[in-house]
**Q** 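What follows is a single structure, and I will ask about it in a moment.
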There are 2 protein chains.
Amino acid sequence: MMKPVPQKEIQHRLKQLSEACKKSGMRMTHQRMEIFREVASTAEHPNADTIFHRVRERLPSVSHDTVYRTLASLEELGLVSRVDPVKGGARYDANCDKHHHYICTQCGSITDIYMQNEPSLPEGIENLGDVESLHLQVRGICHNCKTN
Amino acid sequence: MMKPVPQKEIQHRLKQLSEACKKSGMRMTHQRMEIFREVASTAEHPNADTIFHRVRERLPSVSHDTVYRTLASLEELGLVSRVDPVKGGARYDANCDKHHHYICTQCGSITDIYMQNEPSLPEGIENLGDVESLHLQVRGICHNCKTN
DNA sequence: GTCACTGCAAATAATTTGCAAAGCA
DNA sequence: TGCTTTGCAAATTATTTGCAGTGAC
């Protein structure tokens with residue numbers, strides 16, 4: 001269905017995690033590693049509960065709140081980003097390339113999209129404040145939902 | 001602080017509500033009118049709870065769940081739109097002009113922004129599915145937070 | 001050894017639902 | 001009158017927090 005993340009990319013991301021932990025004084029725990037691996041291994045933008053259940057298969061003692069706390073730290077490190085879909089809880093993404101999202105309003109699937117031309121900043125935005133980031137969501141009904 | 005919505009515009013929006021109710025078979029109740037008026041009277045994108053408290057001042061018996069249900073119907077009618085901020089619950093907006101949002105990641109304030117050039121659709125989006133709408137969020141720290 | 005991290009349990013926030021009564025068309 | 005809508009209460013869902021024990025460095 002969705003293109004899997006290549007092994008090489010997963011390894012690269014895990015290496016970044018290890019470096020980021022070292023640099024920031026965070027500890028590289030088994031849980032943190034497995035939770036990040038789970039997000040880094042898929043492009044489907046799982047939510048916290050999905051991540052919890054998948055990690056649990058390998059690490060049966062992991063708890064729900066550790067997943068939330070870990071995702072929050074990973075977000076602070078800039079290793080995962082949170083996507084707020086139209087409905088339902090937050091979804092997570094370890095793709096650090098500049099990209100945007102296509103969200104199916106029917107099934108809720110989230111797909112990374114890349115722009116040829118990044119949207120320009122609206123004129124006068126500097127009157128409002130700093131610009132840290134720019135997020136574009138394209139919403140619609142995906143082909144999969146259309147045909148089913 | 002934020003530019004107030006002109007009386008004329010509020011009246012226009014209320015008229016649209018009345019027409020939309022007639023057309024769709026929805027009934028024009030006192031609660032629905034007041035809840036919509038509350039959203040239509042401000043540009044600050046209040047959340048459900050804020051709307052609840054404000055409406056309550058004029059209509060003391062209104063309940064929390066009626067506010068949620070009403071906002072959901074108004075959204076279906078296309079009279080209000082929901083904005084999902086970075087953190088916290090959904091926020092509501094009765095501005096029907098095509099616009100986007102600046103969100104302060106510190107205080108959570110949401111400001112409408114207008115683009116000179118709408119962002120173009122990414123090439124190949126038609127391979128994913130239909131495009132219903134396009135939402136741009138610009139995030140940063142607003143001047144107000146910067147100076148305080 | 002120290003301090004960050006974890007699991008547990010419980011709290012909180014945000015939203016939804018079932019149902020009988022009330023009210024608009 | 002008939003069907004939508006409301007208020008109440010309770011249930012759910014999503015997420016957060018306090019705390020004592022555990023583990024990485």
Side-chain angles (χ1 to χ4, degrees), chain A residues 14 17-39 45-53 55-56 58-77 79-80 82-92 108 110, chain B residues 14 17-39 45-53 55-56 58-77 79-80 82-92 108 110:
Chain A
L14 283 167
L17 169 64
S18 135
E19 281 164 14
C21 281
K22 213 165 291 172
K23 198 174 299 179
S24 67
M26 279 182 175
R27 292 174 184 171
M28 184 57 169
T29 65
H30 198 184
Q31 290 90 331
R32 185 163 290 166
M33 171 118 167
E34 292 308 318
I35 289 167
F36 179 69
R37 188 204 302 282
E38 205 53 62
V39 183
H45 305 77
N47 63 18
D49 195 57
T50 303
I51 296 165
F52 168 68
H53 285 292
V55 169
R56 206 146 217 242
R58 279 172 288 134
L59 234 148
S61 73
V62 82
S63 69
H64 224 145
D65 52 308
T66 294
V67 172
Y68 277 104
R69 273 185 290 218
T70 301
L71 289 170
S73 348
L74 293 174
E75 197 186 356
E76 256 177 67
L77 288 180
L79 290 171
V80 305
R82 191 205 307 229
V83 185
D84 290 293
V86 187
K87 57 182 298 159
R91 308 268 295 261
Y92 294 88
I110 299 180
Chain B
L14 283 166
L17 168 65
S18 137
E19 282 165 13
C21 281
K22 213 167 291 173
K23 197 175 297 178
S24 67
M26 278 183 177
R27 289 172 188 175
M28 184 58 168
T29 64
H30 198 185
Q31 291 89 330
R32 186 162 289 168
M33 171 119 167
E34 293 307 318
I35 290 167
F36 179 68
R37 187 204 301 281
E38 205 52 62
V39 183
H45 305 77
N47 63 20
D49 195 56
T50 302
I51 296 166
F52 168 68
H53 286 291
V55 170
R56 206 146 217 240
R58 279 173 285 133
L59 234 150
S61 73
V62 81
S63 69
H64 223 145
D65 51 307
T66 295
V67 173
Y68 277 104
R69 273 186 290 217
T70 302
L71 289 170
S73 343
L74 293 174
E75 198 186 354
E76 254 176 69
L77 288 182
L79 291 171
V80 305
R82 191 205 307 229
V83 185
D84 290 293
V86 186
K87 55 182 298 160
R91 309 269 294 264
Y92 295 86
I110 299 180

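Reckoned from all heavy atoms, side chains included, excluding hydrogens, waters and symmetry mates. Predicted, not measured: the structure shown is a model, and the values here were computed from it. Below, chains carry the letters A, B, ... as their sequence lines are ordered, and counting in each starts from 1.
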**Q** For A/M26 and A/L77, which heavy atoms make the closest approach, and how far apart are they?
**A** SD-CD1, 3.7 Å
**Q** Quick one: B/D84 CG to C/dA14 P, roughly how many Å, whole number?
**A** 13 Å
**Q** Assign each of A/T29 and A/D49 to its nearest nucleotide of DNA chain D by heavy atoms, then name whichever residue's nucleotide is nearer the 5' end.
**A** A/D49
**Q** Below the 4.0 Å mark, does C/dG7 have OP1 or OP2 next to a side-chain nitrogen or oxygen of A/S61?
**A** yes
**Q** In this structure, how many angstroms lie between the P atom of C/dT6 and the CZ atom of A/F36, rounded?
**A** 15 Å
**Q** Please report the distance, rounded to the nearest Å, between CG in A/D65 and C1' in C/dT12.
**A** 14 Å
**Q** For B/H64 and for B/M26, locate the closest nucleotide of DNA chain C by heavy-atom distance; then report the residue assigned to the nucleotide nearer the 5' terminus.
**A** B/H64
**Q** What are the 5'-most and 3'-most nucleotides of DNA chain D lying under 4.0 Å from any heavy atom of chain B?
**A** D/dG2 to D/dA9
**Q** How close or far is atom P of C/dC5 from atom CD1 of A/I35, stated in whole angstroms?
**A** 12 Å
**Q** In whole Å, I'd like the distance from the CG atom of A/L74 to the P atom of C/dA4.
**A** 17 Å
**Q** Main chain of A/L14, side chain of A/S18: is a donor-acceptor contact present, judged purely on distance under 3.5 Å?
**A** no
**Q** Tell me whether the side-chain N or O atoms of A/R32 pair up with the base of C/dC5 as donor and acceptor below 3.5 Å, since no angle test is needed here.
**A** no
**Q** Would you kindly compare B/T70 and A/R27 by the position of their nearest DNA chain D nucleotide and give the one closer to the 5′ end?
**A** B/T70
**Q** Please check this pair: side chain of A/R82 against backbone of A/Y92, looking for a donor-acceptor N/O pair closer than 3.5 Å.
**A** no
**Q** Compare side-chain N and O positions of B/Y68 against OP1 and OP2 of C/dT15 and report whether any pair is under 4.0 Å apart.
**A** yes
**Q** Using side-chain heavy atoms (C-beta onward) and a distance below 4.5 Å, is B/T66 in contact with B/I35?
**A** yes
**Q** Please check if the side chain of A/H45 supplies one atom and the backbone of A/I110 the other of a donor-acceptor pair under 3.5 Å.
**A** yes
**Q** Could you check how far CD of A/E34 sits from P of C/dC5, rounded to whole Å?
**A** 17 Å
**Q** Determine, for B/E34 against B/R37, whether the closest basic-nitrogen to carboxylate-oxygen distance falls under 4.0 angstrom.
**A** yes
**Q** Hey, does the side chain of B/Q31 come within less than 4.0 Å of C/dG23's phosphate (OP1/OP2), counting only N and O?
**A** no
**Q** If only atom types and distance count, is the side chain of A/S24 paired as donor or acceptor with the main-chain N or O of A/A20 below 3.5 Å?
**A** yes
**Q** For the side chain of A/R69, counting heavy atoms from C-beta on, which of C/dT16, C/dC5, C/dG7 is nearest?
**A** C/dG7
**Q** B/L71 CG to C/dT16 C1': how many Å, rounded?
**A** 14 Å
**Q** When the distance from CG of A/N47 to C1' of C/dA14 is rounded to whole Å, what number comes out?
**A** 16 Å
